[in-house]
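One structure is given below, encoded as structure tokens.
Only a predicted model underlies this, so the values are computations on that prediction, with no experimental measurement involved.
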Amino acid sequence: MERFLRAYRKVLMVALIFMALPIMVASFYARPLGDDLNMSLEAARAWRETGSVGQMLVAGLESAVYYYRTWSGLLAYMFVGALPLSVFDPKLIGLNVIMSLGLLLWGAWCVARCLKTVCKNFSKAAASCTWMLLGLMMLLLMPNYCESLFWYSGAASYTWGSALQMAVFAALIAGCCGENVKTARIVLWSIGAFLLGSMNWQVTASSLVIGGALAVAICCKRRPKRLLIPLLCLLAGAVVAVIAPGNTVRQEAMNFDASLVDAFFFSFLDSFTYLFLDARPFLFTMLMVPIFLEVYRKTDLQYKHALWLPALSVCILAAVRFPLEYQSGYWAARHTNTCFMALCLLLPVNAFWCMGWVLKRCNARIERFRPGSRRGAAIAMACALALIGVLSVPDMAFSPLRLRCTLQPVKLVSHLLDGQIAQFAENYDQLVAYVQAHPGEHIITDTPILEDMMTPTAQIAVDPADWRNTSFCEYYGENCTIAFGTEPLEQ
């Protein structure tokens, strides 16, 4: 098995590099729009006027407090959202894309490290395979790259929040299974948990469910009570977010009123159906079978009560969906991505648990992989990948550079190859130069700066008085107004 895992690790590393490279290349063409400009306006102005990082940070904090009072209680996100690297230079926002990618993979690495702590004899090769498989699953099957990687405001709230959630709870679970936990780690976990409470509502709600289950486990297993401190900090962060005056303002502006009972019911109903909405995550889970078998061999878990983990998983997914059902009633790509990232962890865990339950009931003993078994496993995994590819091409419409595939890596590469992403960046830079050269003028432009992979369509508007347009003018121009054309670049 160890020999197979070492070879498997090399294959996965190559696949992960090929998956990350197009994202890193496209990051150089990322540009800020809408929320990216509006939220960071004061910090960028402070940097231009003073050249002081301290003044810039103070301006970012003041912006976060302002939005906390007038729009949303997500204080941690508001502060992070006010400080993209584009405050120094708009083109530097591409580094934030790379940072978001790195944080997502770091979260997956934390989960693998936790598994290595829980399973005492878990090999280094198996741990490496685990984090790379999780990273590949997220990058290959993520529903939308735009709002979780290339759009900074979406990434800073949802992707960073999901990564922080993986890191905090992986550390806490590892701490519960370990011996002595240093005070410094408790402090660090507490800070992370407090920030987690106000990153975004979906992550906050699901974290409270996970934290509640973990608190029960700590008390029942008689683990050190100081492990409850980070969970209390999580609760404190959530309370700070909930009591914000800005929540009422935003709710009134959205003019959405949902019944608490209806939202609760539909959250559970939709979370159950979401599990079976797409077959591709189940197929990808087949690639993790060698890891499942390694964990099964190296642990003495009895796999009792087969249904408690699936039940908890449905509760977690329901918590991810509940804020949208109750607060807004609409779904954007970033919300779906957050559900998907939760599924990327819950589905393999449940598959492993159910597989372990079946193997234990059958008294199965798994000692090692024979050569024939290795070949069979490789063939099965290749078939699973091929079937994922088939299911990702819904209408089988092919063209030289525009394969109509729902897999985001394929779509991103096709947009890079046909030059559409580069054209987006060029149009954006030309428009910025024109605005800066014509202060005080009313500008009407039909230059397309909406690109399917790089920015959400809701980040510009036709109305010159719209906040998205005025933010662009305030960020780059002086006393000018602008009316954008909202036609996207040609597909």
Side-chain angles (χ1 to χ4, degrees), residues 104 107-108 111 133-149 154 157-159 161-163 165-166 169 199-213 256 258-288 306-355 384 387-388 390-392 394 405-408 456:
L104 197 61
V111 173
L133 280 166
L134 288 174
L136 281 169
M137 185 178 185
M138 292 176 186
L139 294 179
L140 180 65
L141 301 179
M142 183 183 290
N144 185 278
Y145 274 1
C146 176
E147 294 195 18
S148 288
L149 290 175
S157 178
Y158 295 88
T159 304
S162 296
Q165 184 183 49
M166 286 187 276
F169 283 108
M199 283 301 289
N200 73 72
W201 297 116
Q202 288 181 279
V203 170
T204 297
S206 59
S207 296
L208 290 174
V209 173
I210 300 170
F256 180 78
S259 165
L260 181 63
V261 175
D262 288 347
F264 186 82
F265 172 77
F266 283 110
S267 296
F268 274 92
L269 179 62
D270 293 343
S271 65
F272 184 77
T273 56
Y274 179 72
L275 282 171
F276 307 100
L277 192 63
D278 190 349
R280 293 176 301 174
F282 287 89
L283 291 170
F284 192 92
T285 304
M286 291 179 61
L287 304 183
M288 301 183 182
L307 295 180
W308 76 267
L309 190 56
L312 177 61
S313 299
V314 171
C315 291
I316 293 170
L317 280 177
V320 175
R321 303 182 73 89
F322 177 77
L324 281 303
E325 300 281 0
Y326 184 61
Q327 288 181 319
S328 61
Y330 80 96
W331 283 87
R334 56 191 177 275
H335 304 139
T336 305
N337 285 346
T338 307
C339 291
F340 169 74
M341 283 186 274
L343 183 68
C344 284
L345 295 178
L346 295 175
L347 184 59
V349 169
N350 280 275
F352 158 69
W353 189 261
C354 293
M355 179 183 291
L387 193 51
I388 288 174
V390 170
L391 292 176
S392 301
C405 178
T406 57
L407 292 176
Q408 291 294 292

*asked:* Under the salt bridge (Lys or Arg N to Asp or Glu O under 4.0 Å) definition, can you give me all pairs with a residue in residues 199-210, not counting sequence neighbours?
replied: none

*Residues which pass ring pair (Phe, Tyr, Trp, His ring centres under 6.0 Å) with Tyr145, listed by chain and number, not counting sequence neighbours*: none

_Least distance between heavy atoms, Pro143 atom then Thr336 atom_ = CG-CG2, 4.0 Å

*Taking C-beta and beyond as the side chain, do Leu407 and Arg280 meet within less than 4.5 Å on heavy atoms?*
yes

*Of all residues at least two apart in sequence or in a different chain, which pass the side-chain hydrogen bond (donor to acceptor under 3.5 Å, both in side chains) check with Ser206?*
Gln165

Name every donor-acceptor pair, under 3.5 Å, that has one atom in a side chain of residues 260-272 and the other anywhere in the protein, sequence neighbours excluded.
| residue | atom | partner | partner atom | Å |
| --- | --- | --- | --- | --- |
| Ser267 | OG | Ala263 | O | 2.6 |
| Ser271 | OG | Ser267 | O | 3.1 |
| Ser271 | OG | Phe268 | O | 2.8 |

*Is there a side-chain contact between Leu275 and Val314, using heavy atoms and a 4.5 Å cut-off?*
yes

*asked:* For a side-chain contact (heavy atoms from CB on, under 4.5 Å) check, start with the C-alpha distance between Met341 and Leu104, then their side-chain angles and the critical distance, and finish with the verdict.
replied: CA-CA 10 Å; Met341 283 186 274; Leu104 197 61; 3.4 Å; yes

*Take Leu287 and Leu133 through the side-chain contact (heavy atoms from CB on, under 4.5 Å) test and state the conclusion after the steps.*
CA-CA 8 Å; Leu287 304 183; Leu133 280 166; 4.0 Å; yes

_Pro456 vs Cys146 side-chain heavy atoms within contact, under 4.5 Å_ = yes

_Non-neighbouring partners of Met199 that pass side-chain contact (heavy atoms from CB on, under 4.5 Å), sequence neighbours left out_ = Ala76, Trp160, Leu164

*Taking only residues two or more places apart in sequence, or in another chain, which ones meet Phe169 in a ring pair (Phe, Tyr, Trp, His ring centres under 6.0 Å)?*
none

_Value rounded to 0.5 Å, distance of CG in Leu139 from CG in Leu149_ = 7.0 Å

*Non-hydrogen side-chain atoms of Phe284 and Leu347 separated by less than 4.5 Å*: no

*State which residues pass side-chain contact (heavy atoms from CB on, under 4.5 Å) with Leu312; sequence neighbours excluded, sorted by chain then number.*
Val209, Ala213, Trp308, Ile316

_Applying side-chain hydrogen bond (donor to acceptor under 3.5 Å, both in side chains), can you list everything that pairs with Glu147, at least two apart in sequence or on another chain?_
Arg334

*Look up atom OG in Ser157 and atom CH2 in Trp201, then write down how far apart they are to the nearest 0.5 Å.*
10.5 Å

*Mind listing the closest non-hydrogen atom pair of Leu134 and Cys344 along with its distance?*
CD2-O, 3.7 Å

*Can you check whether Cys339 reaches Gln202 side chain to side chain, under 4.5 Å on heavy atoms?*
yes

*Using the side chain to side chain donor-acceptor pair (under 3.5 Å) rule, collect all pairs that involve residues 337-351, keeping only residues at least two apart or in two chains.*
Ser148-Asn337, Ser313-Asn350

*How close do Val349 and Leu345 get, heavy atom to heavy atom, and via which atoms?*
CG2-O, 3.2 Å

*Apply the ring pair (Phe, Tyr, Trp, His ring centres under 6.0 Å) test between His335 and each candidate in Phe340, Tyr158, Tyr274; give the one that qualifies.*
Tyr158

